[in-house]
Amino acid sequence: MNRIAIVTALLFAVLLSTAAAGVQRKPAPLVEVFKSPTCGCCSKWVEYMRKNGFEVRATNVSDLSAVKRTHGVPENFLSCHTATVDGYTIEGHVPAADVRRLLKERPAVVGITVPDMPAGSPGMEVEGVKADPFNVISFDKAGKTQVFARH
């Protein structure tokens with residue numbers, strides 16, 4: 001290799017590493033989870049979200065129905081815990097990928113939900129139990145709902 005090629009390669013490497021060092025990753029937004037202090041699957045979902053790169057703060061509350069009303073969760077789409085993240089409501093065992101998609105696309109909805117507690121959804125995995133198919137549903141202030149994702 002001649003000197004010009006070596007110098008060019010070194011200069012390129014320095015510029016590339018300098019550019020990479022200057023790029024800072026935006027921290028994941030805080031997911032605030034409201035749950036019952038005795039709910040094991042809620043705690044499993046909190047850990048699942050942490051393992052998927054989210055900062056999570058869990059708060060045990062005695063009246064989850066008040067939290068759900070405050071955050072606009074439709075009564076027919078309830079689950080065992082309610083979370084908020086960057087202005088959105090997350091109800092139940094929603095996969096992390098769907099939360100990321102919601103935050104990236106920023107649709108005009110109140111939030112997304114996995115109603116009930118379907119087997120195999122995040123936090124509801126049980127070894128030896130077949131996962132049920134489930135949908136993630138978006139909901140808005142007017143009460144309109146639609147399928148956001150299918151699993």
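Hydrogens, waters and symmetry mates are skipped; everything else that's a heavy atom, side chains included, is used. Every value quoted in this text rests on a predicted model; they were computed, and no experiment measured them.
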Taking the side chain as every heavy atom from C-beta outward, state whether [X] and [Y] have any atom pair closer than 4.5 Å.
{"X": "Pro29", "Y": "Tyr88", "result": "no"}
{"X": "Asp98", "Y": "Ile112", "result": "yes"}
{"X": "Leu64", "Y": "Phe34", "result": "yes"}
{"X": "Ser43", "Y": "Lys35", "result": "yes"}
{"X": "Trp45", "Y": "Val31", "result": "yes"}
{"X": "Val73", "Y": "Leu78", "result": "yes"}
{"X": "Cys80", "Y": "Cys41", "result": "yes"}

Is the backbone N or O of [Y] less than 3.5 Å from a side-chain atom of [X], with the two atoms forming a donor-acceptor pair by type?
{"X": "Thr82", "Y": "Val67", "value": "no"}
{"X": "His71", "Y": "Thr89", "value": "no"}
{"X": "His93", "Y": "Pro122", "value": "yes"}

Ring-plane angle category for His151 and Phe134, please: parallel below 30°, perpendicular beyond 60°, tilted otherwise. parallel
Salt bridge check, Lys44 against Glu47: does any charged N sit closer than 4.0 Å to a carboxylate O? no
Report yes or no: is the cationic atom of Arg101 (NZ for Lys, CZ for Arg) under 6.0 Å from the centre of the six-membered ring of Phe148, at an angle within 45° of the ring normal? yes
Glu105 CD: over 12 foreign heavy atoms closer than 6.0 Å: yes
Tell me whether the count of non-hydrogen atoms from other residues, nucleotides or ligands lying under 6.0 Å of CZ in Arg57 goes above 12. no
State the CD1-OG distance between Ile90 and Ser79, to the nearest 0.5 angstrom. 12.0 Å
Hey, are Ser138 and Gln146 close enough side-chain-wise for a donor-acceptor pair under 3.5 Å? no
